[in-house]
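Below: one structure, written as C-alpha cells.
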There are 2 protein chains.
Amino acid sequence: MTDSPRPRTVDMRGEIDRRQFVQGAMAGAAALALGEPRMPSAFVATHQKDAVVAQIAAQHNATVKMLQDWIALPSIAAENLNFPKGAEYMAQLARDAGFSHVEVVPTKGKPGVFATLDVGAPTSLAVYFMYDVKQFDPAEWSSPPLEGRLVDKPGYGKVIVGRGATNTKGPQVAFLAALHAFKAAGRKLPVNLVLVCEGEEEIASPNFSQVVFKPEVEAALRKCVGIIIPLGNQDPDGSVTINLGAKGVVELELVSTGEKWGRGPKKDIHSSYEAQVDSPVWHLVKALDTLVESDGHTPAVAGFFDKVRPLSPELKRILEEAIAQRSEAETKKALGIDRWFKDESWHDTNVRLVTQPTINIEGLVGGYTGPGGKTILPHKAVAKIDMRLVPDMTAKGTLELLKAHLAKHGFGDIEVNMSGGYDPTETDPNSKLVKAQIATYKALGVEPGLWPRLAGSWPGVTFTGAPLHLPAGQFGMGHGGGAHAPDEYWVVESSNPKVAGMDGAVRSFVEFLYQLA
Amino acid sequence: MTDSPRPRTVDMRGEIDRRQFVQGAMAGAAALALGEPRMPSAFVATHQKDAVVAQIAAQHNATVKMLQDWIALPSIAAENLNFPKGAEYMAQLARDAGFSHVEVVPTKGKPGVFATLDVGAPTSLAVYFMYDVKQFDPAEWSSPPLEGRLVDKPGYGKVIVGRGATNTKGPQVAFLAALHAFKAAGRKLPVNLVLVCEGEEEIASPNFSQVVFKPEVEAALRKCVGIIIPLGNQDPDGSVTINLGAKGVVELELVSTGEKWGRGPKKDIHSSYEAQVDSPVWHLVKALDTLVESDGHTPAVAGFFDKVRPLSPELKRILEEAIAQRSEAETKKALGIDRWFKDESWHDTNVRLVTQPTINIEGLVGGYTGPGGKTILPHKAVAKIDMRLVPDMTAKGTLELLKAHLAKHGFGDIEVNMSGGYDPTETDPNSKLVKAQIATYKALGVEPGLWPRLAGSWPGVTFTGAPLHLPAGQFGMGHGGGAHAPDEYWVVESSNPKVAGMDGAVRSFVEFLYQLA
C-alpha cells in the first residue's frame, strides 16, 4: 500500500527519470556484454569467470521460462489469491537454485519462506524476496497479465510483459539464475546465502517481522554482512543510483464524524440545516489547517522536528556531489512542475527533499463527490495523510505527536487511523555491502550515483534497525517498468547497449557475489 | 440540482417531520372527506359544491390513469430524455383539462409550455408546472419506476409508486383533475388560469426565465393575484405548513489545481516530492479555512452579512408562534443530532435557521479517494459549496463577495465555478394568495402552520422578484415521499383519516379556486 521498495515503480518514475550518471566509460565491450549477453567473446573481454558466466547465455531460455512460469502464479494478499501455494512455489524455486535448508514460515497472515545455502565461506549475504504481486485488471493490459508474453518494446528491445515482471519476479529470477549458473558450471558460491521471503509486501508487510525475527532466521541474518533486494536498477539510459537510506512513512486517515464529535449530524442531512447544525466537514478543515504553517506546507505539529538529525558530513558531501550531476530542467519536466516550494534554488530544494520530513494530503473525500452538487450537510469527512520521516523520527512517535496535537487543538474527536508505516532506513556508505555494489557496477562499466536518502520509503528498517542493524539496499542491473500498472514489463533482450537484458542482470549478481567475497 | 421547491422531497424530510399543527378539529366528517373521498355524504357535510366535488370520485380511476400514463413518459433534462416529447405531452394535458390557448415555448434548453384559460372572471391565478423528473436507477426500485404500480404502503394506504409520483406529477395531475371535474360538472371556473411549465426544474431551471418573460407570458402573469405550485403539502400526520418565503442559494465548486496556481504538480506525482513541491490540496484547505470563523461555522467572507435584512415585526410574530408549536425533541430525532450550533436554545436556533445565511461544504474530493491510501501528491482538489442567502442578499452579489475574498487572501487562482443558484423568495402573508390558502386548509379541517422562511431554497424569485412581484407558494393537500429517491410514491387512497388521498388532493384545488374567487 505504501511505497514499493523498488524505485522502478511507476509512482517513483519522476525519481528515476532524473538520474544522469552514465559515464562515457559505459561503452564498447562492456556494453555488448550487457546488451548482447549471447556473445561469449564479449564476456571474455570483461571478465574471467568464464565458466559461470558462460552458463548464463546457455541457460537463457530456461531462465526466461522460470520467469514466465512464476508470473503465471500470482499471489495477491489483498485478494487472498494463491496462498499458501505461492509460498510453496517460492520454496521450490529456492530448492531448485541450490538452497540446502528451505522452509515455509507461517505467520499471522500469509506465510514467508526462509532458506539458507551454507558453503562454508567466510562471508554471508542475506537476500530479500517477495513472492506476492500487485492486483491487476486484465482489461487494461495489451497482453494477458499472467502470460508473460515476449514483446518488442521500441527503445527497449524484447521485453516480457506480465504482472510481477519487474516488481519483482524478473530481478529475483535473475538472482536465482545466477545461482543456477554456478551449479551448472560446478563452481562453489563465493559467499553463504540467507534468503528471507514474504508474501505480503504489497499490503505493507504487516507480518514480515514474524519471519525475520523467528530465532533461527534472526540468528542466520546476524551472520550476514548485509541484505540485498534484487532489482533492475538501471534507468532507460543505463544509469544506476545507490540509495544509502530512505525516509520512513506513516500513512493514516483523519476521520471526522458527527457520531464521534457529538456535534453535527450522524447521517447526511439537508444542507439548509447547516444554519443551526455543526459541520463535521468544516471541523476537519479546521483541524487540517492546524497541521501546517500558513505557507501551506511546513509541518506545524508540535515536536515534529525535534528528532530530525542533520546529515553527516559524509552524506552532505555525497549529496552535494549528486546534486551537481542532476538536471533541474529535466526533473521539472519529469514532474510537470514550474516552481519549487518557496522558489528555492535547485541546490536548496534537493537538500530539503533529502533532509526534511513532510505532512502530505494524499486525498480528501467527504459528502457528495459526484458531478455537480448536492445540497447535503455531510456527517463525515476523511483526509488521507502520509507523513515522511527522517532519522531519528519514528513512525510510532510521530503518530503520537499528531494525536497529541489534534487533542490539544480541540480535535481529539477526530479519528486517527494509521493504515501502515515504518521508521526511516539508513545504510553506511562504507559498509562492505555498499562497497561491493559500487565495485560491481564499476566492473560492469557503470559509474553508480550515490544518493544519501530516498525521499520515498521502503521497510528496510526491519533489517537496518535494531536489533539486526544490517546494511540493506536494492541491487541489480537490468530494467523494467509499469510496476503496479498495466503492461508491467522486464527487459529480456536489450536494444540499448547501455541497459542490461535478463542475462546482463543475471551476470550482475554473479559479479556481485564475487565482489562481496 | 439544488433544492426542490417541494418540502415533500426526501432531503427536506427533517423539515417536514417536525410540523405538529393538526388540531383536534381535524376529525370526523372532514377527515372522512379527505381520507374516504368516495363517500359523497361526507362531502355534503363539508361543502356545498356537490356537482363539481361529486365528479372527483366519479373520475377517480381516470385521474389515477392520467398519472400513470404521465409517469410512463419521463423527461430528464440531464439525460436529454424525451424532449420535446415531454413538452408536447404536457401541452396536450393542458388542452384536455380545458385550457383554451396552449403553446409549447422554445428556449435555449428544453421547451416550456404556456397556457391560458380565460373565463372572464375578475380574478386570475397563475400555476407553475414542471414536466421533467429526476434521474433514476431501476435496480434500486422495488417496482418499475415507470410503471406507476399501485402498492399498499403500511401506515399510508394505497400509493402509486413511480418516478415523479410526488415530485411533481401526482400533485399536478390532482390540479388538472380538478379542472376536469369542473368540465364534467358543467361548472364554470371561478377564476381565470395562466399556466407556465418548464422541463428543466431538476437542472435548476437555467432557461425558465425565457418562458416567464416572453412578452405575452409576462403580460398574462402580471394580471394574476399570485402563482401556486401544486404539491402534496401534508405531512404523514396530516399537518400543513405555508412557507412565506425561502432562502436563496448559490452552489459552486472551488477548484484548486497546480495548473491554475502555477505551483504544485499539473498531474498527480509521488507524495515523496511534497518535500519540495507545493500541494494544491493544502492550498485549498488554507483557502477554505478563511471562509468561516474559528467556530468552523460563521461565514467570514468580507461583506457577507452587509445586506442581511432583519425579519419584519409580523414575520417575527409568525416565527415566535411557530417555534412554540414545534417539538425540539422530535426535530433532533428526525435530524439525528444531539446539539445545535453553539448549544443554543430551541428558540434561538430556530431564529438562526430562519434569519442567518450560511456557507456549507457539500463535499470534498481530491487526490486518492478509494480504500486505504495511495502515496500521491494530488494535482487537484475540489470543494463543493452551497451558500444560503436571506433577503436582501443576491446570488450574483454573494458570488462576487466570495471571489473578492479569495483574491484578497491570496487564493485568486482557485476557480470558483457556480453551477446554479438564485435569490431569496418572499411572499406577503397578507396577500390574497396566502389568505386563500389558509382559508382553504381551514375549510378542509386543517389548521395550517405559517413559517416565515424556508431554510431551503426554490427559484420562486422568478415570480416574487422584479418585475412580476407575484405572491407565490406551494399549495395542495395530499402526501407523497421519496422525491429524488427510489420508490418515490404518492398517496392515492389514504389509510390515515387526517391525510388526503388523490381525490382529497383534487378536492383541495377545487376548494382553493372557489376561495380565491
Side-chain angles (χ1 to χ4, degrees), chain A residues 1-3 11-12 14-15 251 262-263 265-267 269-279 281-283 285-286 288-289 292 296-297 335-341 349 352-353 356 358 360-369 372-378 381 384 386 388 419 455-456, chain B residues 1-3 11-12 14 251 262-267 269-279 281-283 285-286 288-289 292 296-297 335-341 349 352-353 356 358 360-369 372-378 381 384 386 388 419 455-456:
Chain A
M1 63 95 228
T2 58
D3 299 4
D11 55 8
M12 296 301 286
E15 177 95 21
E251 266 194 294
R263 309 192 69 87
K266 297 185 185 63
K267 62 184 195 306
I269 60 176
H270 192 266
S271 68
S272 59
Y273 296 111
E274 205 274 342
Q276 62 183 169
V277 178
D278 293 282
S279 164
V281 188
W282 277 125
H283 191 52
V285 166
K286 288 294 179 180
L288 288 173
D289 181 67
V292 297
H297 183 276
L335 293 178
I337 63 162
D338 302 324
R339 295 190 184 80
W340 302 115
F341 170 62
T349 197
R352 180 182 293 279
L353 176 68
Q356 297 303 298
T358 61
N360 171 62
I361 300 179
E362 299 175 348
L364 286 176
V365 56
Y368 178 70
T369 59
K374 186 178 178 187
T375 51
I376 58 169
L377 167 52
K384 295 169 184 286
D386 64 53
R388 300 277 173 182
S419 55
Chain B
M1 63 97 224
T2 58
D3 301 2
D11 55 9
M12 296 300 285
E251 265 195 295
R263 310 194 68 89
K266 298 186 184 66
K267 61 184 197 313
I269 60 176
H270 191 267
S271 68
S272 59
Y273 296 111
E274 205 273 342
Q276 61 181 172
V277 178
D278 293 284
S279 164
V281 187
W282 276 125
H283 191 52
V285 167
K286 288 294 178 180
L288 289 172
D289 181 68
V292 297
H297 184 276
L335 293 178
I337 62 162
D338 303 323
R339 295 189 184 81
W340 303 116
F341 170 62
T349 198
R352 178 180 294 278
L353 177 68
Q356 296 303 297
T358 61
N360 171 63
I361 300 178
E362 300 176 347
L364 287 177
V365 56
Y368 178 71
T369 59
K374 186 179 178 187
T375 50
I376 58 169
L377 167 52
K384 294 168 185 286
D386 64 51
R388 301 278 173 181
S419 54

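Keep in mind that the numbers below use all heavy atoms, side chains included, and drop hydrogens, waters and symmetry copies. Reminder, nothing fancy here: chain letters follow the sequence lines and each chain counts from 1. Everything numeric in this text was worked out from a predicted model, so none of it was measured.
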### Message
On a heavy-atom basis, which atom in B/E274 and which in A/T358 lie closest, and how many Å separate them?
### Response
OE1-CB, 3.4 Å
### Query
Looking only at heavy atoms, what is the nearest atom pair of B/S272 and A/G456, with distance?
CB-N, 3.5 Å
### Task
Count the heavy-atom pairs under 4.5 Å between each of B/G262, B/G296, B/A275 and chain A, then report the option with the highest count.
B/A275
### Task
Kindly indicate whether the side chain of B/R388, heavy atoms from C-beta on, has any atom under 4.5 Å from the side chain of A/T375.
yes
### Message
Measuring only between side-chain heavy atoms, which start at C-beta, is A/W340 closer than 4.5 Å to B/V277?
### Response
yes
### Message
If you define the side chain from C-beta out and look only at heavy atoms, does anything of B/K374 sit under 4.5 Å from A/E251?
### Response
no
### Task
Any chance you could measure B/H283, atom NE2, to A/H297, atom NE2, to the nearest 0.5 Å?
14.0 Å
### Query
What residue in A/I337, A/N360, A/T349, A/L288 has the most heavy-atom pairs under 4.5 Å with chain B?
A/N360
## Note on the structure
Whatever's closer than 4.5 Å to a heavy atom in chain A on B/D338 counts as both
### Query
If you count heavy-atom pairs under 4.5 Å with chain A, which of B/D278, B/L364, B/D386, B/V281 comes out on top?
B/L364
### Selection from B/A381, B/G336, B/G367 maximising heavy-atom pairs under 4.5 Å formed with chain A
B/G336
### Task
Could you list the residues that satisfy side chain to side chain donor-acceptor pair (under 3.5 Å) with A/T369, not counting sequence neighbours?
none
### Message
Quick one: does any side-chain atom of A/E362 pair with a main-chain N or O of B/Y368 as donor and acceptor, under 3.5 Å?
### Response
no
#### Entry: Contact class of B/K266 relative to chain A, heavy atoms under 4.5 angstrom
both
### Query
Does the B/R263 side chain pair with the main chain of A/R339, one donor and one acceptor, at a distance under 3.5 Å?
no
#### Entry: Salt-bridge present (B/D289, A/K286; N to O < 4.0 Å)
yes
